[in-house]
Amino acid sequence: TQLLEQSPQFLSIQEGENLTVYCNSSSVFSSLQWYRQEPGEGPVLLVTVVTGGEVKKLKRLTFQFGDARKDSSLHITAAQPGDTGLYLCAGKDTNAGKSTFGDGTTLTVKP
Amino acid sequence: NAGVTQTPKFRILKIGQSMTLQCTQDMNHNYMYWYRQDPGMGLKLIYYSVGAGITDKGEVPNGYNVSRSTTEDFPLRLELAAPSQTSVYFCASSQSRIPGLGETQYFGPGTRLLVL
């Protein structure tokens, strides 16, 4: 079973601060995805990274896939209250039609 | 397109009762998934299907059953509800997989189940 560990589990910061959350595994994934989930709703895909070392930017969010495709990070610049939510990473195994999800990082951005 | 729809939105069951959680997608996706999410936790895969007539177990299949008679529908069955099955259940679908790439999973709004 492939496992993904996310850290920190909880993060509470002030508006305008920067933050980084991590997603780590001992397994290699063909791709890794980051989702954001708001209370009472399903997860919504933010980004997919495929190539080792790949960096993708989505406005104030920067996603990086580790060179060995075992880990990933999400960096948010100048966080806003609207960034509040549960951030989930999910690793995809090429040989299986399914993803493994981490337990998530709950982010609270205070105004 | 409505995307992925789930019914019911909320349900209370007594221990030992049975029920079926419905999931339908109108995007002609081959892959469909059922996850459960416990409070403050990530998603655990219960069952998934790579196409009509084909299903496979995920991480936590015990106590659940699925069927996939059509591309659109992927119901999840609880035969003997237990308090441990209290959770939020999400259905998702995705397009046929392109090898080496990660396709987007589209999630439904979830079904909140309370077993007392």
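Per chain, numbering begins at 1; letters A, B, ... match sequence-line order.
- Interface remark: A:Q6 contributes no atoms to any contact with chain B (heavy atom separation under 4.5 Å).
- Taking both residues in full, the closest heavy atoms of A:E41 and B:F90 are given as O-CZ, 3.5 Å, listed atom of the first, atom of the second, then distance.
- Note that the OG atom of A:S99 and the OH atom of B:Y35 stand 5.0 Å from one another [nearest 0.5 Å].
- Residues B:Y89 and B:M19 fall within the same hydrophobic cluster, defined by Ile, Leu, Val, Met, Phe, Trp and Tyr side chains chained together at heavy-atom separations under 4.5 Å.
- Considering only heavy atoms from C-beta on, A:T100 stays 4.5 Å or farther from B:K44 through its side chain.
- By the criterion of side-chain heavy atoms lying less than 4.5 angstrom apart, applied directly or through intervening Ile, Leu, Val, Met, Phe, Trp or Tyr residues, A:F65 is grouped together with A:V47 in one hydrophobic cluster.
- Both the backbone and the side chain of B:L43 come within contact range of chain A, with heavy atoms under 4.5 Å apart.
- Residues B:Y48 and B:V4 are members of separate hydrophobic clusters, defined by side-chain heavy-atom contacts under 4.5 angstrom among Ile, Leu, Val, Met, Phe, Trp and Tyr.
- A continuous path of hydrophobic side-chain contacts links B:V60 to B:V115 [ILVMFWY only; heavy atoms under 4.5 Å].
- Side chains of A:F101 and B:Q37 form no contact here, defined as non-hydrogen atoms less than 4.5 Å apart.
- Few gaps surround CD on A:E15; more than 12 heavy atoms of other groups in view lie less than 6.0 Å from it.
- No single ILVMFWY cluster, assembled from side-chain heavy atoms under 4.5 Å apart, contains both B:L45 and B:L21.
- Of all the listed residues (A:C89, A:P43, A:A90), the one sharing the greatest number of non-hydrogen pairs under 4.5 Å with chain B is A:P43.
- Looking at B:Y106, there are no atoms closer than 4.5 Å to chain A (heavy atoms on both sides), in backbone or side chain.
- With a 4.5 angstrom heavy-atom cutoff, A:F10 does not touch chain B via any of its atoms.
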